[in-house]
A.B. asks: 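One structure, pasted below without further comment.
Quick note on labels: first sequence line is chain A, next is B, and so on, each numbered from 1.
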Number of protein chains: 2
Amino acid sequence: MSRIRNKKQALILSAACEEFAKQGYAGTKIADIAAKIELPKANIYYYFKSKEILYRHVLESFIQPLLMATQPFDQYDHPAAALTDFIKLKIEISKNHPNASKVFANEILHGAPHLPPDIIEKLIQQTCLASAKLQQWIDKELMDDIDPLHLLFMLWASTQTYADFSWQIKLHLKSDEMQAQDFEVATDTLIKIVLKGCGISTQMAE
Amino acid sequence: MSRIRNKKQALILSAACEEFAKQGYAGTKIADIAAKIELPKANIYYYFKSKEILYRHVLESFIQPLLMATQPFDQYDHPAAALTDFIKLKIEISKNHPNASKVFANEILHGAPHLPPDIIEKLIQQTCLASAKLQQWIDKELMDDIDPLHLLFMLWASTQTYADFSWQIKLHLKSDEMQAQDFEVATDTLIKIVLKGCGISTQMAE
DNA sequence: GTCTATACTAGGATAGAC
DNA sequence: GTCTATCCTAGTATAGAC
């Protein structure tokens, strides 16, 4: 297991991620990936047995960041801190992993045909924990009586949209690339609406 | 232009919409569409000159509902009524046109490679009108000073998610199909968060 | 350990039979 | 106006040369 092997695998994975994000699974050709990093097509098959396996690697590389994002729900005992950090983290992910996010979105959009069952299980668990925590806060009257799952759906959608539908975002912001400032405004706007909208006091001690 | 022709075209379009939604553009084979409606493969080519043209028809069939959804911004002079109706309309679209919505989402996800320029132009115009109206309401202090574009991004994302990422929604709601009641809860939750979150009074006359 | 040549199949599209 | 047979390109994958 040479260092060259690891390096080339990483290179292929990175190119594959970009291509799968741009074209989708079916739309991506191994030749496209090979061309992008100036490698012979057959070389890809030398490092990854099949297109399917290469795709799975790309897909799974996004799971860790995704699961990490729910940490604030464990970490904090107040919805203000938890939701603020969760939104920040999720928009950071959209900013830093736009391609992996698109690959994942594409996967979900088509009914998750390539997503391994153990990952699905983990996602369900994380969601249960987060929604249970929200329900606790509702019971303690730290926030309004909002359906926790639908709140989560809203948060996922509004944060991921900055990666997944960036074409549309850029179109309306009239810029070729989203700037750091755009992400800041997105984050601040969302935090503001969500906290106030859920009746969450930003004073930690009441 | 026989009635039979129109009927068959409609049948093909409907099957194509489902397939394109499920598999994406590249992932859909003409044979799949043909098989679904028990028509010989070549027959599809008799009614639609190419896969590309068939896809464009599916895509464009969704533009009208999409543009209609912004009507509340023209129709009402108060953000409470406009945003309430807008959210209702958008979630209705997710409920009634889940497949077309997915096809459109897929298109945007991949940078809109098949979306005709005149449609892009129309979408920009609608967005400008809606965000201008929001800005007016902000200036009149009918709502908080929220960035209008980012508010729109949030609204699009959180309403479309019920069509585009329905796999995920169903997974967490633990049901095979979303029920009418789920859409109602989604609508009510979102309206509640957005109106309160934007500081919009639900009393029309203040 | 890396690249070339090539096998094999799928799928878009068409020509022409009926 | 509808279906069959077929062409042809493109794309996954492999066997084997170097």
A.B. asks: Mind calculating the distance between OH (Y45(B)) and C1' (dT14(C)) to the nearest angstrom?
C.D. replies: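 Computing the Y45(B):OH to dT14(C):C1' distance gives 10 Å.
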A.B. asks: When you get a sec, tell me which of dT14(D), dT2(D), dT14(C) is the closest nucleotide to the side chain of N43(B)?
C.D. replies: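 When the side chain of N43(B) is considered, dT2(D) is the closest of dT14(D), dT2(D), dT14(C).
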A.B. asks: Just to be sure I understand: a Watson-Crick pair is purine N1 to pyrimidine N3 plus N6-O4 or O6-N4, both under 3.5 Å. Using that and G-U wobbles, which stems of three or more pairs involve DNA chain C?
C.D. replies: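 If one scans DNA chain C for consecutive Watson-Crick or G-U pairs, the stems found are C:1-18 with D:1-18.
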A.B. asks: Which residue in the set L190(A), L89(A), I93(A) passes side-chain contact (heavy atoms from CB on, under 4.5 Å) when paired with T159(A)?
C.D. replies: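 Per the side-chain contact (heavy atoms from CB on, under 4.5 Å) rule, the option paired with T159(A) is L190(A), out of L190(A), L89(A), I93(A).
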A.B. asks: Is the shortest distance from a Lys or Arg side-chain nitrogen in R56(B) or E52(B) to a carboxylate oxygen in the other one below 4.0 Å?
C.D. replies: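 Looking at E52(B) together with R56(B), the answer is yes, because their closest N to O distance falls below 4.0 Å.
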A.B. asks: Looking at dT4(D), dG12(C), dT14(D), which one has an atom nearest to any side-chain atom of P40(B)?
C.D. replies: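 Nearest nucleotide to the side chain: dT4(D).
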A.B. asks: Is the H172(A) to F165(A) ring centre distance short of 6.0 Å?
C.D. replies: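 No, ring centres 6.0 Å or more apart.
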A.B. asks: Base of dG12(C), side chain of K41(B) - is there a donor-acceptor contact under 3.5 Å?
C.D. replies: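 Such a pair exists between side chain and base.
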A.B. asks: Answer with yes or no after comparing the ring centroid distance for H150(A) and Y162(B) against a 6.0 Å cut-off, counting only values under it.
C.D. replies: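 Yes, ring centres under 6.0 Å apart.
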A.B. asks: Is the distance from OP1 or OP2 of dT2(D) to the nearest side-chain N or O of Y47(B) less than 4.0 Å?
C.D. replies: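 Yes, such a contact exists.
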A.B. asks: Which comes earlier along DNA chain D counting from the 5' end, the contact point of G27(A) or that of Y46(A), where each point is its nearest nucleotide?
C.D. replies: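 Counting from the 5' end, the first nearest nucleotide belongs to G27(A).
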A.B. asks: For the pair made of CG in L11(B) and P in dT2(D), what is the distance, rounded to whole Å?
C.D. replies: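 In whole Å, dT2(D) P lies 13 Å from L11(B) CG.
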A.B. asks: Would you say K51(B)'s side chain and T28(B)'s backbone share a donor-acceptor pair under 3.5 angstrom?
C.D. replies: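 Flag set: sc K51(B) to bb T28(B) pair under 3.5 Å.
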